[in-house]
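All remarks here apply to the structure that follows.
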Amino acid sequence: MGRCGRGSITLRCVAMAGIGATACNQIFALVDVNNFYVSCERVFNPALENKPVVVLSNNDGCAVARSNQVKALGIKMGTPWFKFKDLAKEHNIIVLSSNYTLYGDMSDRVMTILRGYSPNVEIYSIDESFLSLNGMSSLWPAAVDMGQSIRYRVRKWTGLPVCVGIGPSKTLAKLANHLAKTRPEMEGVCDLVSMPQAELDAYLSTTEVGEVWGVGRRIGAHLDAAGIKTAKALRDAPPSWLRAKFGVVMERTGNELRGASCLALEEITAPRKQIVSSRSFGQLVHTLAVLSESVTSYMTSAAEKLRRQRSVCEAVQVFIATNPFREQDAQYSNSITVPLPNPSCDTRLLVRAALFGLKKIYRPGLAYKKAGVMLTGIGDAGVIQRSLLVQHGVGEKSEKLMEAMDALNRRFGRNTVAIASAGTNRAWRMRRECMSPCYTTSWNDVPIVHADH
DNA sequence: TCTGGGGTCCTAGGACCC
DNA sequence: TCTGGGGTCCTAGGACCC
């Protein structure tokens, strides 16, 4: 067990079986744009500055971003628009529809600036990034100064306000960011690494446990019932108790709060393991024809995402649901997974599979509110192909086939091979022989709907 | 009348295999 | 009057995040 003192905090790096504590002496910064969507809108319309502003979700369904003035009125994230319409009128709240293209572009600008501060950046979401500050102490002897510099530069270059939290683990950096946002005296930057222990304890004991990253509504309520009401109480709870009661994830959160970094910086964005495309409808939908149109359009964009990350998928899932808020209506929701004969990223094939599934789960006489598709079994084309062959018992016997595939891989790139090999007689025949009947279900009779007009 | 969309990980239980 | 043990894979459900 080693001891690593940093500033006046004393941290113990605990050896944790199965928890995977990374090295000591990590320092993370979390940079987060305040009220991101609202701030983006303000950059392009300065008249919104210092006014109450809300950005609404798709179909203008509910609030997804709120200015501080709106938060002060008690309007919560996700509040349906119709529920605060009157309040909005009363307080002259400016209500905007969302513009995700704009927000994505602004996000890129911020992330580019952050890369100028650290070579190790993890883009965690559209409006926040973790930076590794390891080895930065000679450049920035006081991390707070770096935080202020980030705030100044991002504001100056993009017009967006950010807050910076600094801590010895990601969870503490998140907590620091929360403090930087909510305690005006911190002026937007909070460094827990150099904070004296007594002050840190004081902050943690006035922070509700639900504010801790990884503690949601459900577990928050359970912790509360068990007497763990603050971040400090969670930090000081016995790890074995946390594990027994809440599982490994919460045990890790406890360790992170004690300053033992268990979550590493993930700089490389891993390819998605599932890709979803779904929407709620503006109006209720009754017919298979309209549902088919939507599903076709969702699948088109999902397949685009799949190809953009150079993957293929093994199955598509399609789901539909009625409106659960309309209790007077008959309720129905269902989903079906349609396996593909071969891993693919071909839009037409995926659309056909989805429509085949949709037809199976569609029930007439209902009012549908939502539909969507999910691509599953996503992986690198070459790897999936190989694992399928092995799984079906032809692995060892088809060395030559493997060699041929590898050669094709080298020549055309991985995606090409998955599709091309589906067409080769030998591969196809072998697969057909080994497949279970469900894989050979024919959905070729489902008409192709052209999504790209 | 009107309630977002897109992800991740963990766990438990069943099927199946040797 | 008694029913192995260990492993993998798959799925569903529950929790969390933004």
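Lettering follows sequence order; numbering is per chain, from 1. Scope of the values below: all heavy atoms of this structure, side chains included, with no hydrogens, waters or symmetry mates.
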message: Less than 3.5 Å apart, any donor N or O on the side chain of A:R258 or A:N255 sitting next to an acceptor on the other?
response: yes
field: Nearest to side-chain heavy atoms of A:N58, which nucleotide of B:dG4, B:dG6, B:dT3
entry: B:dG4
- request: Please work out which of the three classes, parallel, tilted or perpendicular, describes the rings of A:Y298 and A:F281, given edges at 30° and 60°.
  value: parallel
message: What is the separation between atom CG on A:D60 and atom P on B:dT3, rounded to the nearest whole Å?
response: 11 Å
- request: Pick base, sugar-phosphate or nothing for A:T79, based on heavy-atom distances below 4.0 Å to the nucleic acid.
  value: nothing
query: Can you find a heavy atom in the side chain of A:V95 that is under 4.5 Å from one in the side chain of A:W81?
result: yes
field: From B:dG4, B:dG6, B:dT8, nucleotide with atom closest to A:S280 side chain
entry: B:dG4
query: For A:F319 and B:dG6, what is the distance between atoms CZ and C1' respectively, to the nearest whole Å?
result: 10 Å
field: Distance test, side-chain N/O of A:S278 to OP1/OP2 of B:dG6, below 4.0 Å
entry: yes
Watson-Crick/G-U partner (both atom distances under 3.5 Å) of B:dT8: C:dA15
task: Would you please indicate if the ring centroids of A:W213 and A:F130 are separated by under 6.0 Å?
output: yes
statement: Between A:N35 and the options A:R66, A:E41, A:K71, A:R42, the side chain to side chain donor-acceptor pair (under 3.5 Å) test singles out A:K71
message: From C-beta outward on A:S125, which listed nucleotide comes closest to its side chain: C:dC18, B:dG7, B:dT3?
response: C:dC18
- prompt: A:K273 has a side chain; which of B:dG4, C:dC18, B:dT8 sits nearest to it?
  reply: B:dT8
task: Select from A:M77 and A:V249 the residue whose nearest nucleotide in DNA chain B is closer to the 5' end of that strand.
output: A:M77
Rounded distance in Å - CZ (A:R217) to P (C:dC18): 14 Å
task: Using whole Å, report how far CD of A:E327 lies from P of B:dT1.
output: 13 Å
A:K305 side-chain proximity, nearest of C:dC16, B:dG4, B:dG7: B:dG7
task: With the side chain of A:K174 defined as its heavy atoms from C-beta on, choose the nearest nucleotide among B:dG5, C:dC18, B:dG7.
output: C:dC18
message: Please verify the inter-ring angle class for A:H222 with A:F246; under 30° counts as parallel, over 60° as perpendicular, anything in between as tilted.
response: tilted
- request: For A:K369 and B:dC2, give me the distance from atom NZ to atom C1', rounded to whole Å.
  value: 7 Å
message: Categorize A:D127 for me: base, sugar-phosphate, or nothing, with a 4.0 angstrom heavy-atom threshold over every strand shown.
response: sugar-phosphate
- prompt: Would you say A:R326 reaches B:dC2's phosphate, i.e. side-chain N/O to OP1/OP2 under 4.0 Å?
  reply: yes
task: Tell me which nucleotide among C:dA15, B:dC2, B:dT8 gets nearest to the side chain of A:Q274.
output: B:dT8
- request: Measure the distance from CD on A:E251 to C1' on C:dA15 and round it to the nearest whole Å.
  value: 17 Å
- prompt: OP1, OP2 of B:dG6 versus side-chain N and O of A:R279: anything below 4.0 Å?
  reply: yes
task: Send over the distance from A:E314 CD to C:dC10 P, rounded to a whole Å.
output: 8 Å
message: Need one value for A:I275: base, sugar-phosphate or nothing, where a base atom within 4.0 Å counts as base even if backbone is also close, heavy atoms only.
response: sugar-phosphate
- prompt: Between A:K85 and B:dT3, does any side-chain N or O lie under 4.0 Å from OP1 or OP2?
  reply: no
message: Please confirm whether the shortest side-chain N or O distance from A:N59 to OP1 or OP2 of B:dC2 is below 4.0 Å.
response: no
- request: Could you tell me the separation between the OH atom of A:Y100 and the C1' atom of B:dG7, rounded to a whole number of Å?
  value: 15 Å
task: For the side chain of A:Y124, starting at C-beta, report the closest nucleotide among C:dC18, B:dG5, B:dT3.
output: C:dC18
